[in-house]
Amino acid sequence: MVRLRFAPSPTGYLHVGGLRTALFSYLFAKQQGGAFIFRLEDTDQQRLVEGSEDNLLEMMHWAGLQMDEGPGIGGEFGPYRQSERLPIYHQYSQQLLDAGHAYHCFCTPEILEEMRNAQKAKGEAPRYDGRCRHLAADEVQQKLSGKAGHVIRMKIPENETVLMSDLIRGTVAIETSQLDDQVLIKADGFPTYHLAVVVDDHLMEISHVVRGEEWLPSFPKHVLLFRYFNWEAPKFAHLPLILNPDRSKLSKRQGDVAVEDYRQQGYLPQALVNFIALLGWNTSDDQEIFSMEELIEKFSFDRIGKSGAVFDREKLNWMNQQYLKDLNSGDLFELLAPYIAETPYRDEENSQLRKVSEVVQSRLTTLADIKSKLALFFEDKPTLNDAHLIEVLHEESSRIVLNEFKQQAGKAEEMTVESFLALMKSVQKATGIKGKNLWMPMRFAITLEEHGPELPQVAAIFGKEKCLRMIDQALES
Ligand code: GLU
């Protein structure tokens, strides 16, 4: 059975790169009728951040990635928090010690520091020199019974080429001379990521491992550990890096990296998921908009590229707009409510707020954009202060249109979409002005924007009095 896991460390928030790893794992698991597992890799006690587990799970839920097994969900292969599996790692590190694939190392941090400095001084890359590899058995026993702290390291074979097979990169080779005798059990008794990930991927019967390219340097160590244990390794896919537009590695400094930030700014989960699916993956026909069902159906490892994928915020914005436009008015209003609640207009009548939401729907890039759209509708006389608009409104033909409209509207009954359109027609007739010269001044005077929401709809929401006030303002400008 196909089984994939998402295995984040609880060191803060869910990174967009983490969401992509989770998403691809989820898509393949679902496509193959397999299981999607959440495993918390919390063995680095120094880097734990309070509340991260909850945040990770909440973001997975928000993104619509339903987990089949995990902490709080259960499953046959638990516990799913590595900190609750310590005896398991000790059992397996003992197995490696017994087989001669690992050894106790008693080097203190001071000794290691000295070693590093000496290597650096000689222009060598710092690495553990293996001095505890050859301690005699009785010496090891003696040190273990004393107070000396120790770690357990894996033995990297000498002069060997390790071959690693990756679903995206094919076969990659590395010389063992490049590898360090990796620590497997730390002085605090916790395993390192390297031991825990291999043991758990095996015991949890993981069939495919999807993770970021930053784990490639660790991959040979994992391949060796699988071999030492005599276990069949899962298949691996290392995803290309996610880059800033300047092709540097995606970083907090250049924009948001936490999924949480995108949620807060009012990106829809469907849009973010769709966007993230295309970071490194595509279909041959350049399709851009995918539902989750389509992603599940079409996903394949063959169509993931090796080169970095640029996180293009403009494209995300465009995508979010597409998803926002598709919402029915009930869903839209419900999603906008928390953002409206942050404005001074929160107590306006619901029916009005709802109408306004519909009128500006196609102008929203994010849900949060609603906050800047309300003043126009709920202030008695929103102020016109855009120099370009004022310039156009000063033109002779603009003044003719506005004056004519003012006169005719004064005689009209109520303002509706239909009556507004009829008025515009008769202004056209009376003035002989049409097209852009007719519509632009009206649009500028009433919506105060060059590319605002639909003019007749706005006029209808304003009603006659407010439309006239806006026209007066334009004429006085
Ligand atoms: N715990 C690792 C992380 O935080 C998981 C790496 C892997 O999937 O093997 O990303």
Side-chain angles (χ1 to χ4, degrees), residues 2-29 35-49 51-57 59-60 65 67 69-71 77 79-86 89 154 164-169 172 182-184 186 190-226 229 231 233-242 249-252 257-259 276 279-280 301 304:
V2 162
R3 291 172 55 81
L4 288 93
R5 60 19 174 220
F6 176 50
S9 298
T11 52
Y13 47 81
L14 180 60
H15 189 283
V16 289
L19 179 59
R20 183 184 59 169
T21 299
L23 174 64
F24 287 7
S25 303
Y26 171 84
L27 295 177
F28 190 68
F36 177 55
I37 297 126
F38 184 95
R39 181 175 73 222
L40 195 72
E41 303 213 321
D42 57 348
T43 58
D44 191 343
Q45 295 292 295
Q46 259 126 50
R47 295 180 59 223
L48 296 187
V49 174
S52 334
E53 177 180 338
D54 289 342
N55 178 267
L56 287 164
L57 290 168
M59 290 302 115
M60 296 288 284
L65 306 185
M67 297 155 276
E69 298 169 30
F77 298 83
Y80 294 92
R81 284 186 200 95
Q82 290 186 327
S83 59
E84 294 166 14
R85 301 171 62 82
L86 300 187
Y89 308 124
M154 77 183 279
M164 302 164 279
S165 136
D166 182 84
L167 291 169
I168 298 167
R169 282 149 230 274
V172 189
Q182 175 65 50
V183 173
L184 299 177
K186 293 176 280 189
F190 276 74
T192 56
Y193 155 71
H194 306 280
L195 176 66
V197 78
V198 166
V199 167
D200 287 347
D201 283 343
H202 172 72
L203 295 180
M204 295 183 182
E205 299 181 10
I206 299 305
S207 62
H208 296 73
V209 171
V210 178
R211 61 186 176 192
E213 183 180 306
E214 64 275 20
W215 298 105
L216 262 184
S218 306
F219 190 20
K221 297 171 190 169
H222 303 168
V223 169
L224 287 169
L225 285 172
F226 277 106
F229 284 122
W231 293 336
K235 291 191 166 56
F236 284 85
H238 289 90
L239 305 179
L241 290 177
I242 302 179
K249 193 174 164 189
L250 186 70
S251 66
K252 231 179 178 168
V257 293
V259 172
I276 281 185
L279 290 176
F301 288 112
I304 298 177

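Positions are given from 1, in the same order as the sequence printed here. FYI, side chains are in, hydrogens and waters are out, and symmetry mates aren't considered; it's all heavy atoms of this structure. Whatever order the structure lists them in is the order used to number ligands and atoms, beginning at 1.
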In terms of heavy-atom contacts, does NZ of K235 have more than 12 from other residues, nucleotides or ligands at under 6.0 Å?
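Open.
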More than 12 heavy atoms of other residues, nucleotides or ligands under 6.0 Å from CD of Q45: yes or no?
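Yes - once you tally the heavy atoms of other residues, nucleotides and ligands closer than 6.0 Å, there are more than 12.
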Between F219 and H238, is a ring pair (Phe, Tyr, Trp, His ring centres under 6.0 Å) present by the stated rule, with each step listed?
CA-CA 9 Å; F219 190 20; H238 289 90; 4.8 Å; yes
Could you check R39, R5, E69 and say which one makes a side chain to side chain contact (heavy atoms under 4.5 Å, CB included) with M204?
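Looking at R39, R5, E69, the match for M204 under the side chain to side chain contact (heavy atoms under 4.5 Å, CB included) is R39.
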Is the shortest side-chain heavy-atom distance between P234 and H208 below 4.5 Å?
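A side-chain contact is absent here, since even the closest heavy-atom pair is not under 4.5 Å.
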List, for ligand 1, each N/O atom that has a protein N/O partner under 3.5 Å away, with both atom names and the distance.
from	atom 1	to	atom 2	distance (Å)
ligand 1	1 (N)	A7	O	2.8
ligand 1	1 (N)	S9	OG	3.2
ligand 1	1 (N)	E41	OE1	2.6
ligand 1	4 (O)	S9	N	3.4
ligand 1	4 (O)	S9	OG	3.2
ligand 1	8 (O)	R5	NH1	2.6
ligand 1	8 (O)	R5	NH2	3.4
ligand 1	9 (O)	R5	NH2	3.0
ligand 1	9 (O)	Y193	OH	2.6
ligand 1	9 (O)	R211	NH1	3.0

Using 30° and 60° as the class limits, which term best fits the ring planes of Y193 and W215: parallel, tilted or perpendicular?
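It falls in the tilted class, 30° to 60°.
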